[in-house]
Amino acid sequence: MLSFFKKLRSNEPKQETENESVIEETNDTPVEEAAPAVLPLHFPEDVDTGISMEERYVLQFFVGELPEMAKDELAIDGYKLVQDEAGMMLQAILRNNMDADIEIGTVPMVLIDAHHNMVARTVFDLTSFGEIPARTAMPCRFFLPYSDFRVEQADFSNWMVGFHMEDGRVMRAVTELDFEQSGDFSQDQYVEAQDQQVLDAIERAIHETEGQVNMFGTSLGQGEHGELVVELLLRNGKDEVVELTDGMVFTVLDAARDVVASQAFDFSAVKVEPKSVQRLVLEYDAAALQKAEPDFSEWSVDVK
């Protein structure tokens with residue numbers, strides 16, 4: 001199974017906060033407006049005893065740094081992402097800024113990366129969380145299996161989590177708790193539209209490279225034993241057969257143009273017919289990787 005390379009300059013999401021101003025209180029300068037109160041933490045009973053005082057302090061500090069909420073809003077804010085072999089554990093904060101306790105049922109949520117790509121979408125049943133008391137912030141965890149991922153690469157240097165609304169929008173804060181999708185919105189149609197954009201881009205690239213031999217990198221991931229697996233599409237835009245040779249050196253470069261892996265492959269048996277595309281798969285052993293933490297937000301392959 002391929003796992004996703006993460007570009008994690010920070011495993012915390014970027015929060016959009018406004019610059020804070022400080023009002024100094026003096027004898028002749030009254031304070032006109034008090035700072036908004038930070039919502040206190042609320043833990044579900046099954047996790048309350050497992051949270052240390054240090055963790056409580058860090059979480060409460062994080063809640064205090066989150067963007068302000070409007071009255072009667074429910075908001076979700078990403079706190080941390082942790083990856084394992086089966087998927088990603090998303091740690092988030094649910095904030096209830098309503099005057100009443102609330103219970104949340106089935107909620108579709110999405111994970112968005114730094115390039116505003118919908119990385120994953122999963123429907124969660126939150127009834128097990130019980131009630132979220134009025135004006136509190138509740139830490140929670142959600143597991144996103146790789147089977148729910150919609151892209152093969154993602155840049156998590158900046159990310160967000162949000163509610164997936166019935167019209168397809170992704171909202172961080174809402175005033176209504178009914179997340180059921182209407183019949184007017186189809187997730188399949190949404191994905192098909194994104195796929196069509198990719199196909200249109202490929203078609204334009206093919207037209208622009210007519211009469212040439214070009215490679216397109218389609219996916220890059222990590223195998224079960226740490227090997228780097230790269231998939232390429234080789235297009236022959238010429239009117240004659242193109243034959244590959246033994247000893248061709250394929251070098252993988254990351255976004256900084258640093259060499260991640262370089263190796264010679266034997267593709268002497270590969271023949272690409274005119275106006276056709278051939279799929280190539282490159283595997284680099286984990287021991288052959290030359291950079292410990294590559295930045296795969298952008299990558300390329302050089303051939304010699």
Side-chain angles (χ1 to χ4, degrees), residues 8-23 31 33-84 87-112 119-120 122-144 156-165 170-179:
L8 287 177
R9 294 196 181 96
S10 169
N11 61 355
E12 296 181 358
K14 180 180 179 182
Q15 303 295 344
E16 299 178 356
T17 57
E18 298 181 353
N19 294 331
E20 296 179 352
S21 59
V22 178
I23 301 177
V31 177
E33 184 176 343
V38 177
L39 298 181
L41 292 173
H42 165 74
F43 294 94
E45 293 182 1
D46 57 341
V47 299
D48 191 14
T49 57
I51 304 296
S52 68
M53 292 304 298
E54 181 179 357
E55 290 175 303
R56 291 172 187 266
Y57 174 82
V58 172
L59 286 168
Q60 189 66 74
F61 180 84
F62 177 78
V63 171
E65 294 296 304
L66 291 175
E68 293 183 17
M69 297 175 63
K71 184 180 179 182
D72 296 328
E73 277 190 335
L74 172 72
I76 185 167
D77 298 276
Y79 174 60
K80 190 176 294 185
L81 279 176
V82 180
Q83 181 183 16
D84 63 23
M88 282 189 171
M89 181 64 70
L90 165 66
Q91 300 181 32
I93 306 291
L94 281 170
R95 292 186 291 163
N96 175 18
N97 201 30
M98 302 180 183
D99 291 328
D101 301 349
I102 61 172
E103 288 186 356
I104 308 176
T106 301
V107 178
M109 292 194 299
V110 294
L111 177 63
I112 306 295
V119 178
T122 305
V123 178
F124 294 98
D125 184 359
L126 307 189
T127 54
S128 61
F129 289 168
E131 287 189 343
I132 306 178
R135 303 194 181 282
T136 62
M138 185 178 73
C140 48
R141 294 183 178 184
F142 307 95
F143 183 71
L144 300 167
F156 291 120
S157 60
N158 179 20
W159 58 276
M160 67 163 286
V161 61
F163 302 115
H164 199 197
M165 309 307 291
V170 177
M171 303 290 291
R172 186 187 59 81
V174 298
T175 55
E176 300 290 336
L177 301 183
D178 184 8
F179 300 101

Measuring only between side-chain heavy atoms, which start at C-beta, is Y79 closer than 4.5 Å to P139?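 Contact flag for Y79/P139 side chains = no.
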So do the side chains of M98 and L74 get within less than 4.5 Å of each other, counting heavy atoms only?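 They are in contact (side-chain heavy atoms under 4.5 Å apart), so the answer is yes.
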Rounded distance (nearest 0.5 Å) linking atom [atom1] of [X] with atom [atom2] of [Y]:
X    : Y    : atom1 : atom2 : result
H42  : I93  : NE2   : CD1   : 12.0 Å
D101 : N96  : CG    : CG    : 7.5 Å
M88  : F156 : CE    : CZ    : 4.0 Å
L41  : E55  : CG    : CD    : 11.5 Å
I76  : I104 : CD1   : CD1   : 8.5 Å
H164 : T122 : NE2   : OG1   : 12.0 Å

Criterion side-chain contact (heavy atoms from CB on, under 4.5 Å) on L94 and L126, from CA distance to verdict: CA-CA 11 Å; L94 281 170; L126 307 189; 4.3 Å; yes
Test your reading of the model: is there a side-chain donor-acceptor pair from N97 to the backbone of A70, 3.5 Å cut-off? yes
Just by distance, do the side chain of Q91 and the backbone of F142 share a donor-acceptor pair under 3.5 Å?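 Between the backbone of F142 and the side chain of Q91 there is no qualifying donor-acceptor contact (under 3.5 Å).
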Given F163, which of V110, V174, V170 fulfils the side-chain contact (heavy atoms from CB on, under 4.5 Å) condition?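 Going through the options one by one, the only one that passes is V174.
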So if I apply the side-chain contact (heavy atoms from CB on, under 4.5 Å) rule between R95 and each of T136, D77, I132, which one comes out positive? D77
Please walk me through it: do L90 and W159 pass side-chain contact (heavy atoms from CB on, under 4.5 Å)? CA-CA 11 Å; L90 165 66; W159 58 276; 3.4 Å; yes
With V123, which residues qualify under side-chain contact (heavy atoms from CB on, under 4.5 Å), at least two apart? T106, P108, R121
Can you see which heavy atom on E73 is nearest to which on M69, and at what distance? O-CE, 3.2 Å
